[in-house]
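Let me begin by presenting the structure, written as structure tokens, before commenting on it.
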Amino acid sequence: GGKKKRSLASLLSLHHDSTDDEDILVDTIPSKPTMNMNMNSNSNKRRKVVSIDSEWKLKEVPELPFLYLKERTSVVVMNDEPQRIASRIVQCAKKMNAYGQYCTTKAKATLTLDEMKFTIQLFKVSEKERTNKCVIVEIQRTNGSSIKFHKTARALLNAAKEKDMIRGSSSSAAAAQETSGSSSSSSDSNSHLVQSLSQPRLQTQSDEKENEKQMVVFTHTLEVVDALLKKDRVDANLLGMESLQLLTEHRSSSDAMVQFASNVVIAGEQQFEDIQDTIVSLIENGCSSSNQDEESSPNKDNNNNSAEEDYCRKIHTSALSILSNSLKNFVGNNSVVQSLADRLFISLLGELKRADVTPQNACLACKCLEEFFLKSAVLRNRGLELDVYNVISNCHNIGITSYPLLKSASDKVLQTLGEAKETNTK
């Protein structure tokens, strides 16, 4: 009882030694990650596991409260059945890859789209108060990007109105086409970069000086990221991960910067080997220390628990995204990729088995496995031995009902494994 309470930064520290009995206010992160490598010890055991829903069956719609102030992101739908409105909303949400839970008794949905959470509430207005029957659809942002929320809310509110359903569907399809177009352009850009690297050309003295300056800038950028990941503040850790994620995406960084950052993550160069170790540890274990702290402090404030879970979820998803981007852009020895796959294969397989709870993470894991299988025949055979095909097939079915991006990613892995199976049978 005489011990001091640990600070939130200590509780959420990436690397925390739970065996230390001394009073600790702030944990400092060592130069090398020292996380427990047991995948089953991550904090997901402690979290409440809730499967995502694929449909919204309304049993009852609450009436609009007296003197209720509606959000600006709301719409009134006249002369339509609540169940039809709910079905159109679910259809539009699937097209945008928004997933979550649909409450049948409260007519309320809680959805997530790219780390942005929001709720959808349906109200009915009694016919005594109005001459026409109407349903009010209201959308509120819980957290995340406000810009992305308003774009999402506009599409969902358009879908709630039957007359605007065509426009809403076309806009969603256009957005999906734009996303796939950007990813295909990224792939084209990446292949172009690979070709340019594989074709030697004569460099002038000015080119060499420019390359040296560029390398200095790249090195300094990764040093800043490395410093953020080693701080004892959770906001700095998350900022470092999100910065590294942007550095591995073509839409936010130059091709040369993406190539440099990807090689650091995959090859684990000596100067930045801690970055690779941090990514691997986060994928394998998440925030394992938080699980132990929770057991020792069962009466911890609920707000701290919520902040901890939100932090762990964001940083774990960011680590998967960084790995996926880096594998796609990595140019180097495939033996390095195979060595990394040996460390992460079981963890990625575990993400696939939780696709019904976290489809976004399962989608990123699918993309990582796709790159592993494309780069190594040994890994393809290992995937067949571990019966990955059936696990991916289950993800494919979940993607069809709830998360189209997962369906697309699993299709590619199934095709790769199918070709490998045919080759082995010949």
Side-chain angles (χ1 to χ4, degrees), residues 97 176-177 179-195 197-198 248-250 258-259 262-263 265-267 280 283 320-356 358-426:
N97 295 288
Q177 186 175 4
T179 303
S180 62
S182 63
S183 52
S184 63
S185 64
S186 298
S187 301
D188 295 341
S189 175
N190 184 41
S191 61
H192 175 72
L193 177 62
V194 173
Q195 292 177 359
L197 290 175
S198 61
T248 56
E249 294 179 352
H250 286 280
V258 169
Q259 190 68 64
S262 299
N263 288 346
V265 173
I266 302 302
V280 172
I283 293 175
L320 286 169
S321 182
I322 290 169
L323 178 64
S324 173
N325 295 336
S326 300
L327 285 171
K328 185 183 298 183
N329 299 305
F330 176 70
V331 176
N333 193 344
N334 284 343
S335 62
V336 176
V337 177
Q338 186 167 334
S339 175
L340 185 62
D342 291 338
R343 301 171 63 184
L344 293 175
F345 201 88
I346 300 301
S347 297
L348 294 175
L349 197 58
E351 294 291 346
L352 298 179
K353 293 179 180 179
R354 293 189 293 272
D356 58 332
T358 54
Q360 182 181 5
N361 290 352
C363 179
L364 293 172
C366 261
K367 293 179 180 179
C368 294
L369 288 176
E370 178 193 358
E371 296 299 327
F372 282 142
F373 292 152
L374 289 175
K375 296 179 186 298
S376 173
V378 175
L379 294 175
R380 288 196 294 272
N381 293 331
R382 183 182 177 187
L384 294 175
E385 292 174 0
L386 294 176
D387 202 18
V388 175
Y389 193 93
N390 289 337
V391 179
I392 299 292
S393 298
N394 183 50
C395 292
H396 181 268
N397 295 333
I398 294 174
I400 292 175
T401 59
S402 306
Y403 198 73
L405 281 179
L406 179 58
K407 173 186 176 298
S408 177
S410 58
D411 279 339
K412 296 177 182 178
V413 181
L414 289 174
Q415 181 180 356
T416 302
L417 289 177
E419 293 173 354
K421 189 183 294 185
E422 292 178 1
T423 303
N424 292 341
T425 54
K426 289 181 180 179

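Keep in mind that the numbers below use all heavy atoms, side chains included, and drop hydrogens, waters and symmetry copies.
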Self-check item: Criterion side-chain contact (heavy atoms from CB on, under 4.5 Å) on Phe345 and Leu386, from CA distance to verdict
Solution: CA-CA 10 Å; Phe345 201 88; Leu386 294 176; 3.4 Å; yes

Practice problem: List the steps and the verdict of side-chain contact (heavy atoms from CB on, under 4.5 Å) for Val280 and Leu340. | Solution: CA-CA 9 Å; Val280 172; Leu340 185 62; 3.7 Å; yes

Please table the atom pairs, donor to acceptor, closer than 3.5 Å between any side-chain atom in residues 358-375 and protein atoms at least two apart or in another chain.
{"from": "Thr358", "atom 1": "OG1", "to": "Arg354", "atom 2": "O", "distance (Å)": "3.3"}
{"from": "Asn361", "atom 1": "OD1", "to": "Thr317", "atom 2": "OG1", "distance (Å)": "2.9"}

So, taking the atom named [atom1] in [X] and the one named [atom2] in [Y], what distance separates them when rounded to the nearest 0.5 Å?
X      : Y      : atom1 : atom2 : answer
Leu344 : Glu351 : CG    : CD    : 10.5 Å
Cys395 : Asn390 : SG    : CG    : 11.0 Å
Arg343 : Gln338 : CZ    : CD    : 14.0 Å
Leu414 : Lys412 : CG    : NZ    : 12.5 Å

Self-check item: Over all atoms of both residues, closest heavy-atom pair of Ile266 and Phe330
Solution: CB-CD1, 3.7 Å

Are any of the side-chain heavy atoms of [X] and [Y] separated by less than 4.5 Å?
X      : Y      : value
Ile322 : Glu249 : no
Leu320 : Leu348 : yes
Ser376 : Val337 : no

Exercise. Return yes if some donor-acceptor pair links the side-chain N/O of Ser410 with the main-chain N/O of Lys407 below 3.5 Å, else return no.
Key: yes

Practice problem: Could you tell me whether the side chain of Asn329 and the main chain of Ser262 form a donor-acceptor pair under 3.5 Å? | Solution: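 Side chain of Asn329 to backbone of Ser262, a donor-acceptor pair under 3.5 Å: no, none is there.
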
Self-check item: Residue from Ile398, Asn397, Ile392 passing side-chain contact (heavy atoms from CB on, under 4.5 Å) with Leu406
Solution: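 Among Ile398, Asn397, Ile392, the one meeting side-chain contact (heavy atoms from CB on, under 4.5 Å) with Leu406 is Ile398.
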
Quiz item: Mind checking what makes side chain to side chain donor-acceptor pair (under 3.5 Å) contact with Thr248, not counting sequence neighbours?
Solution: Asn325

